[in-house]
Every structure is written in structure tokens, then in C-alpha cells.
Chemist: 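Before I ask anything, let me first share the structure, which is written out below as C-alpha cells.
Numbering starts at 1 and runs along the sequence shown.
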Amino acid sequence: IGLGDAAEVDATLRSLYRFVSHDGIVIIDAPNEEAAAAAAAFRAAYGITDPLESTPGHGLAWRKTVAVDVAPPSDAGHQRARLAPTVESDTVDLSVVVVLYNMRREAQRTLLSMSRNYQVGIEDITYEVLVVDNGSAPEQRLSPEEVAAFGPEFRLIEMGDDAQPSPVPALVRATNEAVGEAVALMIDGAHVLTPGIFKHGLRGLQAYAPAIVAVQHWYVGPGQQNDAMLEGYDQEFEDQLFDQIAWPSDGYKLFDIGSFIGSRDWFDGMWESNCLFAPRKILEQVGGFDESFDAPGGGYANLDLYEKLGSHAGVTVVSLLGEGSFHQTHGGTTTNQAEITERGRRLIEYREHYAELRGRPFRGPGKQIHYVGAFGGNSRRTKPRRLNSPHFAKAAGKLERTIPMPDEIKTGFIETFFNTGGWRETTWLGHTVERALTDLVAYQEMLTKVRPDVIVVANQGADGGLPQALALMCESLGHGRVLVVSGPEGPENDHPRIRRIKGRPQDPDIAELVKADAGDEAALLIIGRGRQFPLVKVFDQYQSLVGQGSYVVVEDTVVNGNPVLVDFGQGPSEAAQGMLRRNGDFMVDPHLERFGLTFNVKGFLLRRTVEDRTRS
């Protein structure tokens, strides 16, 4: 504190003293008698007995070792929760504060997930759960008896006539009644917890003390709930998901039916947490929730507290791995506004209100996050990505060249799209073609480049509509035809450029018919959709038709765990590898996989030219 009169010194100390961390130092630089007297009066008014040091010509200083309840000046503009000190003999290890508003259905799961029957590794932990009803409609309220039925740790607090549209006053009241040495704050009572949160939350506070622990938050459902609701996601759908995983028999199966909130991942940082652990002493220092956040839903109150706690001097920000809080759909003020314009308008209002209160945009703590916990089951789910890919992109920009898609992203993309089944509905000019659309784009590039006279399609199973698409491509090029070799169940010729020979393509007599039909025409060969050894036999029978610079395409190399259908058995991928071993004239052409999504990974086999072999 610089030189000033008594009023300035008093106002400064009253405004800022609560922000000084434990063991932090207060310095009044070069005080005059009036300023020194104001500091002495402040210390006396709040019972500050920490030793006062005085250095002639320099100033006064003391080290803060005890938190005191300092009221801010009346014009400070922020209404902070001033936490009452607890009586040590009445304390427990943890107080959990959770706010409910019109969420009877969701609250019953939430509270069950906090019970001793559900949380694991807490046999030696004492805790309480303060359940605050913030003015719910009569039919949506839980009674004190219903809350107490979850265990002796549970107690209902009813706001009654004191209920406000914002949950912040409810949080303030419950936090003041809490007796835990640590407090876990849940502004939204619709969140179901995984079973290790209490155990790992307290471990995180101890391991990195002084620390706060922010639990990562998820949605129940296939994606962002406000978006999913537009596609029909609702409480009935959600109830079916809980039934499918037989919740609560294994709380970690929540990861099977959940999605991260926001476009983020375990290690992408956090802007808030709906289950935020903090030591009582640190909450007393920062002042708890700010009741200036009086908008319905609380606005940025939760973000503001997370930033204050995490930014506090010396405090380590910790998060949990393998644990999460899962938000159920309930028509909430912010998270469950299905109407895009309404939700966007409300979020803008929240952001502007925060900037008005704090004089700047929200930033977050901005600290490195430390972790405790363990991955198990589907909590191992993570975004497919390469953490250092920005460096690749930066280098490529300097060299003015493209870069390959990171394997993690490509693999995740292929697996996810394959499992959706959307590829079964791909169409090409009105014809259904059961392929990834990007593979069809690759096919037309091959045809344009090679301009084969005949495309031999020799599939072990149904061709999935591919011949029609290839015939249309030939039609556009004004060149080429399609010769289909398939089983007797295949359709008749259905385009002037398509001819079909029915039979097993690996049989020698069928192969002779194909070779006779193709004659001396330049060919491109597409094979796949079968098992390893029959596919290799097809390659052996027809590879002579494929000239230098043309292709053998082995389709569906992604099966057998590459990365889909892990139980398929030896199939196209293994066949493609065998083909390369059998004939060194062929090599994989990765350029045709550059779109990232392909079902023919390492399956575009180019017959090398003399120049290719020379370069090799």
C-alpha cells in the first residue's frame, strides 16, 4: 500500500485484505503518522495480532497467518459471502453443497451418487451433504424425509420465501452452514457423480496443498445436450440410457453414455467445474460466491469462483482423471435451452454482466493443471489427436506444403464414421453406393488419371452398388466400361457400360472368361469384401491385367481391428499385405488416402513404372 491518508489506507485494507493468501505479506510503504494510525486501527478493529514489523524510513509490514472476516467498504460493489468460522470440534472432512430447482427426477440420481453405498474408498472419511432446495414447485420438491433416506450424512435446507432466480444465495447460505474442513460446491444439482470423486477429490487437496480440485464435467447423451435436444433427445431417451448400463450397479459406465461438455478433452484445460473442491480456509480468504451474480441460473458465478480460487496465490489447480460429473437433461436455464437463439442471447448477457462487474472479460486461473486419479473402463475415452500437431502445421506453413493428417485423428474418424452406418446411405448421382464418399472421390481421381479401358470389379460378396457409380464415372469421362465378377445372386446388367459374369472370381474357369472378355484392354482391378486367402487368389488370377501406372484396389481393409470389426478375422488388410509380398511391382499409394476418411487404408496398390522402381 502506497502513501495515502487514513481513509485511503482503511478503504484499501478493507477491500483487499481478504485476498491476501495465507502467509502473504502486507506492506505499508513509507507511511506518515496518519497512515500508520489507520493501519493500527484496522488491525485492532479486526483482531489482527500477527507481529507488526517496522523499518525506519521504509514502512510497516506483517505476515498474514490467520484468516479474518473483513467487511468490504459499502461502495465496493461486490456482495461476497463472508464465511463464518467453524467450531473445530464439530467439523467433518468434507461438506458437499448441492442446489436443486425443479429437478426431482434428476436429484434422486444425483443424491444417490453421493451416498456411502455408491462412493468408494471413503470408509475413513466423514462428510455431510447439504441439499438446498431453491424454491422448487411443490410437485418437484424432495421432502426432508426423502433426502435423509439417502443416508445420515444428508440434510435438506429449504430456501422458501428467500429463494431467488439465481442459485448463489442458496449456495452462500449452505456454505455458511457447512462444517467441513473442505467444501465441494455443486451449483447445478442435475449432475450425477462417478464413484471415486469424494476419495480422489480429497486426495488432490492433500497431495498438492494448498490446492483446489475441479471435477471435469460431461453430458449424459450422445453429444452437447442443447444440440441433441433439437434431434429428439429427451428425458425418456436419457432414462433408457441409464437402464441400458444398469446404473447405479457400476457408476463408471456413465462414460459409456456420456460426452464431454464442450469441444474438449481430459487435458484441454477447464473454464469451470460443477463439482469444485476447496479447503475451507481458502474459501474464507476469497470470500466464496459473489451475490452480484443475480441472473437466473447464476450467470458466471461459478466461473468467477473457479477463477478466484484458482488464481489465489500459491494455490495449485488440480483435476481428476477417470472421474466426472454427468449432467442430466432437465430444462435448465443455460445448459438445456434447446432454442439456439434463446441460449445464445442468455450467454451473451452472462458474459456482458461479468465484464461489467469485473471490468474485463473472463480469463480463468491460467495455471498449469495437475492431476490425480486413474483411468479405467471407458473413462479412457479421449479425443483422437496428436498433441504436438500445431508444430507440424506451423512448419508446413513455412515450407508452403500440406501435411498428412495425424494418425490418431484419422483412425478415430474412420472408426466413428464406420460405426454410425451412415456410409450405407451414400449415393452417387441417385445410386446407393455402400462406401465412404471420399473413397468414391478417390476412384474418380484414379479413373481420370489412368483412364482404364475396363474396370474389373471382383468382390467376394455383394458389390454394394459400386458398379453403377463406376459406370457413371466412365460415362462422364466418355471412356471405359465395368466388368463385374460376382456370385449368382448379383443383379443383371443395369447400365450400358456394365457387363456381369456370374461366378466365384477366384475360380480358374471364371478367371479365364474375364481375361477373354478384357483381352488386351488396359485394366484397373477392384477386389475386397472377403477373407484373406480367396482375395489373394483373386489377385493371383487377375494381376496380369493391370499394367504399369494402374491400380489394384483392395477394399474394406479397415476390418479386423484396423480399426473396426475386431472379430472379423483375417481379411482384406492381411490380403493386401500378402499381395505386396507376392509381387514387388506393387506399392501402396498413400496420396489417395489424403482425405483422412477411407475404408481402404493401405489398399490402393499402384503398379510401379520403371521410373518408380528406379527411384526405389
Chemist: Give, for atom CZ of Phe539 and atom CG of Leu580, the distance between the pair rounded to the nearest 0.5 Å.
Modeler: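 The CG atom of Leu580 is 7.5 Å from CZ of Phe539, to the nearest 0.5 Å.
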
Chemist: Between Asp556 and Pro572 (side chain of the first, backbone of the second, donor and acceptor by atom type, cut-off under 3.5 Å), is there such a pair?
Modeler: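 Checked: no pair found.
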
Chemist: Are Asn560 and Val566 packed together at the side-chain level, in the sense that at least one heavy-atom pair is separated by less than 4.5 angstrom?
Modeler: no

Chemist: Going from CG on Asn302 to CD on Glu272, what distance comes out if it is rounded to the nearest 0.5 angstrom?
Modeler: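 Answer rounded to 0.5 Å: 5.0 Å.
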
Chemist: Do Leu437 and Phe595 have side chains that approach each other closer than 4.5 Å (heavy atoms only, starting at C-beta)?
Modeler: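 Counting from C-beta outward, Leu437 and Phe595 never come under 4.5 Å.
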
Chemist: Using a 3.5 Å distance criterion without hydrogens, assess whether the side chain of Gln119 forms a donor-acceptor pair with backbone atoms of Phe198.
Modeler: yes

Chemist: Taking the side chain as everything from C-beta on, heavy atoms only, tell me whether Leu447 gets closer than 4.5 Å to Pro452.
Modeler: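 Yes - at least one pair of side-chain heavy atoms lies under 4.5 Å apart.
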
Chemist: Applying ring-ring contact (aromatic ring centres under 6.0 Å, His included) as the test, list every pair that has at least one member in residues 224-246; sequence neighbours left out.
Modeler: Tyr233-Phe237, Phe242-Trp247

Chemist: Which distance, rounded to the nearest 0.5 Å, do you find between the CG of Leu347 and the OH of Tyr300?
Modeler: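 Going from CG on Leu347 over to OH on Tyr300, the span is 7.0 Å.
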
Chemist: Any side-chain hydrogen bond (donor to acceptor under 3.5 Å, both in side chains) involving residues 360-375? Give me the pairs, sequence neighbours left out, ordered by first then second residue.
Modeler: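 Listed once each, the pairs are Glu307-Arg360, Tyr354-Arg360.
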
Chemist: Looking only at atom types and distance, does a side-chain atom of Thr438 sit under 3.5 Å from a main-chain N or O of Leu597, one as donor and one as acceptor?
Modeler: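 Yes, because the side chain of Thr438 sits within donor-acceptor range (under 3.5 Å) of the backbone of Leu597.
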
Chemist: Set out, in order, the CA-CA distance, both residues' side-chain angles and the distance that settles side-chain contact (heavy atoms from CB on, under 4.5 Å) for Val372 and Tyr208, then state yes or no.
Modeler: CA-CA 10 Å; Val372 297; Tyr208 294 100; 3.8 Å; yes

Chemist: Run Val601 and Asn562 through side-chain contact (heavy atoms from CB on, under 4.5 Å) and show every step you take.
Modeler: CA-CA 8 Å; Val601 175; Asn562 301 298; over 6 Å; no

Chemist: Any side-chain heavy-atom pair from Ser319 and Gln216 closer than 4.5 angstrom?
Modeler: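 A side-chain contact exists here, since the closest heavy-atom pair is under 4.5 Å.
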
Chemist: Would a distance-only check, ignoring hydrogens and angles, find a side-chain to backbone donor-acceptor pair under 3.5 Å from Ser550 to Val546?
Modeler: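 Side chain of Ser550 to backbone of Val546: no pair is present.
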
Chemist: Within the side chain of Gln224, is there an N or O that forms a donor-acceptor pair under 3.5 Å with the backbone of Gly262?
Modeler: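 Answer holds: yes.
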
Chemist: Step by step, would you call Val457 with Val485 a side-chain contact (heavy atoms from CB on, under 4.5 Å)?
Modeler: CA-CA 6 Å; Val457 180; Val485 192; over 6 Å; no

Chemist: Which pairs, with at least one residue in residues 534-543 and sequence neighbours excluded, count as a side-chain hydrogen bond (donor to acceptor under 3.5 Å, both in side chains)?
Modeler: Asp540-Arg582, Gln543-Asn583

Chemist: What I want to check is whether the side chains of His327 and Asn274 have a donor and an acceptor closer together than 3.5 Å.
Modeler: no

Chemist: Okay, side chain of Ser259, backbone of Gly221: is any donor-acceptor separation there less than 3.5 Å?
Modeler: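 Indeed, once roles are kept as given, a pair shorter than 3.5 Å links the two residues.
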
Chemist: Under 3.5 Å, is there a donor-acceptor pair between the side chain of Arg109 and the main chain of Pro248?
Modeler: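 Judged by distance alone, no pair lies under 3.5 Å.
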
Chemist: Run the side-chain contact (heavy atoms from CB on, under 4.5 Å) check on Phe417 and Thr420 step by step: do they pass?
Modeler: CA-CA 5 Å; Phe417 182 67; Thr420 67; 3.9 Å; yes

Chemist: How close do Val564 and Glu415 get, heavy atom to heavy atom, and via which atoms?
Modeler: CG1-CA, 3.9 Å

Chemist: Are any of the side-chain heavy atoms of Arg435 and Thr426 separated by less than 4.5 Å?
Modeler: no

Chemist: Per the salt bridge (charged side-chain N to carboxylate O under 4.0 Å, His left out) rule, what does the pair list look like for residues 470-487, sequence neighbours excluded?
Modeler: Glu475-Arg497, Arg481-Asp517, Arg481-Glu521

Chemist: About how many Å separate CZ of Arg607 and CE of Met587, when rounded to the nearest 0.5 Å?
Modeler: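 Met587 atom CE to Arg607 atom CZ measures 13.0 Å (nearest 0.5 Å).
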
Chemist: So do the side chains of Asp234 and Thr329 get within less than 4.5 Å of each other, counting heavy atoms only?
Modeler: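 Asp234 does not reach Thr329 side chain to side chain.
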
Chemist: Rounded at 0.5 Å granularity, tell me how far CD1 in Ile455 sits from CD1 in Ile498.
Modeler: 10.0 Å

Chemist: Are there over 12 heavy-atom neighbours, none belonging to Lys602, within less than 6.0 Å of that residue's NZ?
Modeler: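 It does not: Lys602 NZ has 12 such atoms or fewer within range.
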
Chemist: Any heavy-atom pair between the side chains of Val553 and Ile527 that's under 4.5 Å?
Modeler: no

Chemist: Please, which pairs that meet side-chain hydrogen bond (donor to acceptor under 3.5 Å, both in side chains) have at least one residue in residues 441-454, sequence neighbours excluded?
Modeler: Tyr443-Glu555, Tyr443-Asn600, Glu445-Arg594, Lys449-Tyr551, Asp453-His479

Chemist: Can you name the closest pair of heavy atoms from Pro505 and Ala458 and give their distance?
Modeler: CB-CB, 3.8 Å

Chemist: Do you know which of Phe326, Trp266, Phe255 makes ring pair (Phe, Tyr, Trp, His ring centres under 6.0 Å) with Phe260?
Modeler: Trp266

Chemist: Which pair of non-hydrogen atoms, one from Ala442 and one from Phe604, has the smallest distance, and what is that distance?
Modeler: CB-CZ, 4.1 Å

Chemist: Do NZ/NE/NH1/NH2 and the carboxylate oxygens of Lys253 and Asp250 come within less than 4.0 Å?
Modeler: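 Here Lys253 does not pair with Asp250 in a salt bridge, since their nearest N and O are not under 4.0 Å apart.
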
Chemist: Taking all non-hydrogen atoms of both residues into account, name the closest pair between Thr598 and Val558 and its distance.
Modeler: O-CG1, 3.7 Å

Chemist: We want to know whether Gln328 and Gln225 form a side-chain donor-acceptor pair, criterion being a heavy-atom distance below 3.5 angstrom.
Modeler: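 No, no side-chain donor-acceptor contact under 3.5 Å.
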
Chemist: Only counting residues at least two apart or in another chain, list the ones meeting side-chain hydrogen bond (donor to acceptor under 3.5 Å, both in side chains) with Tyr252.
Modeler: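 Testing Tyr252 for side-chain hydrogen bond (donor to acceptor under 3.5 Å, both in side chains), a comparison that skips the adjacent residues, returns Glu323.
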
Chemist: Looking at every non-hydrogen atom in both residues, tell me the closest pair between Gly204 and Ala211 and how far apart they are.
Modeler: O-CB, 4.0 Å

Chemist: Counting only heavy atoms from other residues, nucleotides and ligands, does the tally under 6.0 Å from CG of Asp520 exceed 12?
Modeler: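 Not buried by this count: 12 neighbours or fewer within 6.0 Å.
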
Chemist: Once you measure the plane-to-plane angle for His217 and Trp271, does it fall in the parallel (<30°), tilted (30-60°) or perpendicular (>60°) bin?
Modeler: tilted

Chemist: Tell me the closest heavy-atom pair linking Thr557 and Gly603, and the distance in Å.
Modeler: CG2-CA, 4.2 Å

Chemist: Report yes if the side chains of Leu193 and Val215 come closer than 4.5 Å at any heavy-atom pair, otherwise no.
Modeler: no

Chemist: Nearest 0.5 Å please: distance from the NE2 atom of His191 over to the CD1 atom of Ile261.
Modeler: 5.0 Å

Chemist: Do side-chain atoms of Thr194 reach the backbone of Gly196 as a donor and acceptor pair under 3.5 angstrom?
Modeler: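 A pair under 3.5 Å: no.
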
